[in-house]
Protein chains: 2
Amino acid sequence: MSEKIKILIVEDEALIAKDIEFSLRQLDYHIVGIAFDGMTALDMIHSRLPDLVLLDIELNGDISGIDIAIVLNEKYSIPFIYLTSYADPCTIDMVKKTLPFGYILKPFSERELYGAIELAVYRLDEKKKTGFPAKEKIDDLCDTPLTDREYELLTGLFEGKSNQELAKDYFISVNTIKTHLKNIYSKMEVSNRHKALSKIFGLMKQ
Amino acid sequence: MSEKIKILIVEDEALIAKDIEFSLRQLDYHIVGIAFDGMTALDMIHSRLPDLVLLDIELNGDISGIDIAIVLNEKYSIPFIYLTSYADPCTIDMVKKTLPFGYILKPFSERELYGAIELAVYRLDEKKKTGFPAKEKIDDLCDTPLTDREYELLTGLFEGKSNQELAKDYFISVNTIKTHLKNIYSKMEVSNRHKALSKIFGLMKQ
DNA sequence: AAGACTTTCACACTTTGGGGTGATATTTGA
DNA sequence: TCAAATATCACCCCAAAGTGTGAAAGTCTT
């Protein structure tokens with residue numbers, strides 16, 4: 001579970017890259033690679049699937065950090081932190097559209113780097129949770145709280161199961177399922193399963 | 001729409017606070033207040049409802065920045081950026097649990113501040129969106145892409161609307177709705193609305 | 001032991017959803 | 001301009017979901 005975080009460093013200035021690598025090894029992260037240009041970076045992302053990428057924006061060659069960011073978002077959903085020397089409005093405007101998990105201005109200290117990485121890792125964990133809301137959250141959208149059984153069945157409903165499937169999976173008759181759902185709908189003040197589910201989606205999106 | 005971002009500064013060192021205020025006014029943000037201690041901060045949050053809070057962790061008095069962060073999360077869902085001089089593992093551990101939108105180490109430059117704020121503001125906007133995936137994302141889960149109309153109806157379906165409601169809202173007959181849905185299901189390779197919605201929801205959780 | 005709540009079930013009835021088929025305008029692109 | 005794609009609609013049929021009513025058995029509290 002608590003395996004080392006796999007980090008890829010994308011930075012064209014070798015001195016800075018080595019410096020970061022040294023710091024991070026001290027801090028017990030696992031450095032899966034250092035890419036000095038965009039193409040190498042894309043290769044390494046593909047082959048080594050890091051948990052987090054430290055991404056210099058200004059790279060030599062025709063692939064910029066922003067390009068890599070887009071790939072990380074669209075194709076891999078791997079979070080990244082920008083490293084850059086510039087903070088002019090124009091750059092920031094480009095940068096923020098790619099929703100990085102963090103943004104560090106050079107020159108930075110080891111503690112800044114550590115703070116940003118830990119924050120990103122935590123965010124990543126948050127994101128991974130499946131997230132069916134706790135009973136209390138569901139109860140908040142009901143006029144009267146659900147019973148434990150009702151909550152249990154609701155999780156099944158959320159999986160997309162039909163009444164028959166629910167009956168089979170919970171070892172009760174379809175009629176009983178109908179009764180329970182009837183009561184759930186009434187408590188949630190909705191008229192059918194789809195509205196119940198949208199209401200739950202609403203909770204989860206926040 | 002593009003109103004000024006309302007920012008509250010919570011910082012017990014008056015000199016630093018004034019400094020930040022000056023910078024931010026230059027940068028065309030609206031400073032709704034400066035709180036030098038926790039109690040004042042909570043009052044101001046309640047009465048002035050800022051869009052973003054800059055939050056010093058180490059405050060005089062018995063309310064810390066972390067306490068305020070918790071209130072901001074639980075009660076107001078107002079994002080905040082920490083300002084702090086410390087980045088020791090222990091502090092960071094506490095800090096990251098409160099999921100700030102950013103984290104700046106003192107002393108910081110104006111551009112660092114600006115970068116962090118802009119990032120936070122962008123994240124906030126993202127959060128506010130309904131979050132229904134873009135057409136391209138939906139098309140990725142289809143064997144053939146949806147038409148614009150089909151995508152439009154799908155968003156309605158996602159709201160939990162029944163066929164009748166869809167018909168009414170889109171000014172077409174229930175039969176037409178059925179035809180469209182039939183085609184959508186076939187393109188998405190699902191057998192009913194449940195499965196379509198779960199598939200979309202799968203997208204959103206990533 | 002009495003009452004309240006929960007869980008289970010049945011049956012009859014109505015409404016809704018999904019599949020199949022076919023058809024007619026309208027729009028669009030080559 | 002002509003074919004393809006799109007948007008609209010109407011049937012029919014069956015399966016699934018939802019509603020109303022009633023009721024038995026179990027648990028928990030007081």
Side-chain angles (χ1 to χ4, degrees), chain A residues 132 134-202, chain B residues 132 134-202:
Chain A
F132 188 81
K135 185 164 176 308
E136 295 72 40
K137 292 272 180 189
I138 301 280
D139 284 344
D140 280 352
L141 3 122
C142 299
D143 57 353
T144 50
L146 301 183
T147 68
D148 291 345
R149 186 60 159 172
E150 285 163 354
Y151 176 72
E152 200 182 356
L153 294 175
L154 189 57
T155 63
L157 193 71
F158 187 79
E159 314 276 323
K161 289 175 180 164
S162 67
N163 291 2
Q164 263 88 354
E165 288 171 316
L166 291 171
K168 193 149 65 79
D169 293 356
Y170 292 94
F171 308 104
I172 52 183
S173 88
V174 176
N175 285 312
T176 306
I177 293 291
K178 284 185 176 189
T179 304
H180 282 306
L181 292 184
K182 215 186 308 181
N183 296 331
I184 292 172
Y185 299 155
S186 136
K187 287 181 179 180
M188 290 182 71
E189 297 172 290
V190 294
S191 54
N192 58 45
R193 61 219 288 132
H194 309 300
K195 296 222 161 58
L197 296 184
S198 323
K199 224 167 167 176
I200 293 173
F201 287 153
Chain B
F132 190 82
K135 184 166 177 306
E136 294 72 42
K137 292 270 180 189
I138 301 281
D139 284 345
D140 281 351
L141 8 119
C142 298
D143 57 353
T144 50
L146 301 183
T147 68
D148 290 345
R149 185 60 159 172
E150 285 164 352
Y151 176 72
E152 199 182 358
L153 294 175
L154 191 55
T155 64
L157 193 72
F158 189 77
E159 314 275 322
K161 288 174 180 164
S162 68
N163 292 2
Q164 260 92 351
E165 287 170 316
L166 290 172
K168 192 148 68 80
D169 293 356
Y170 292 94
F171 307 105
I172 51 183
S173 89
V174 176
N175 285 313
T176 307
I177 294 290
K178 283 188 176 190
T179 304
H180 282 307
L181 292 184
K182 220 182 307 181
N183 295 332
I184 292 171
Y185 298 155
S186 137
K187 287 181 179 180
M188 291 182 69
E189 296 172 292
V190 295
S191 54
N192 58 43
R193 61 223 280 138
H194 277 308
K195 303 230 157 71
L197 296 185
S198 322
K199 218 165 171 179
I200 291 172
F201 199 70

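Keep in mind that the numbers below use all heavy atoms, side chains included, and drop hydrogens, waters and symmetry copies. Remember, predicted model here, so these are calculated numbers, not experimental data. Chain identifiers are assigned alphabetically (A, B, ...) following the order of the sequence lines, protein sequences preceding nucleic acid strands; residue numbering begins at 1 within each chain.
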In whole angstroms, how far is the [atom2] atom of [N] from the [atom1] atom of [X]?
| X | N | atom1 | atom2 | value |
| --- | --- | --- | --- | --- |
| B:Ile177 | C:dG17 | CD1 | P | 10 Å |
| B:His194 | C:dG17 | NE2 | P | 11 Å |
| A:Tyr151 | C:dT6 | OH | P | 17 Å |
| B:Glu152 | D:dA7 | CD | C1' | 11 Å |
| A:Asn192 | C:dG17 | CG | P | 7 Å |
| A:Leu154 | C:dT7 | CG | P | 14 Å |
| A:Lys195 | C:dG17 | NZ | C1' | 13 Å |
| B:Ile184 | D:dT8 | CD1 | P | 11 Å |

### Task
Mind listing the closest non-hydrogen atom pair of A:Asn183 and A:Glu150 along with its distance?
CB-OE2, 3.7 Å
#### Entry: Pairwise 5' ranking along DNA chain C for A:Ile172 and A:Lys187, keeping only the more 5' one
A:Lys187
### Message
Please compare A:Asn183 and A:Lys178 by the position of their nearest nucleotide in DNA chain C and report the one closer to 5'.
### Response
A:Asn183
Could you check whether [X] gets within reach of a base, just the sugar-phosphate, or nothing at all, counting any heavy atom under 4.0 Å?
| X | result |
| --- | --- |
| A:Asn175 | base |
| B:Gln164 | sugar-phosphate |
| A:Thr176 | base |

#### Entry: Those residues that, when tested against B:Thr155, pass side-chain contact (heavy atoms from CB on, under 4.5 Å) (two or more places apart)
B:Phe132, B:Tyr151, B:Tyr170
## Note on the structure
side-chain contact (heavy atoms from CB on, under 4.5 Å) filter on B:Glu159, not counting sequence neighbours, yields B:Lys161
Any protein N or O atoms within reach of nucleotides 21-30 of chain C? Criterion: under 3.5 Å, listing atom names and distances.
residue	atom	partner	partner atom	Å
C:dT21	O4	B:Lys182	NZ	3.3

### Query
Which of these nucleotides, D:dC11, C:dG18, D:dG18, is closest to any side-chain atom of B:Leu181?
C:dG18
### Closest nucleotide among C:dG17, D:dA17, C:dA10 to the B:Asn163 side chain
C:dG17
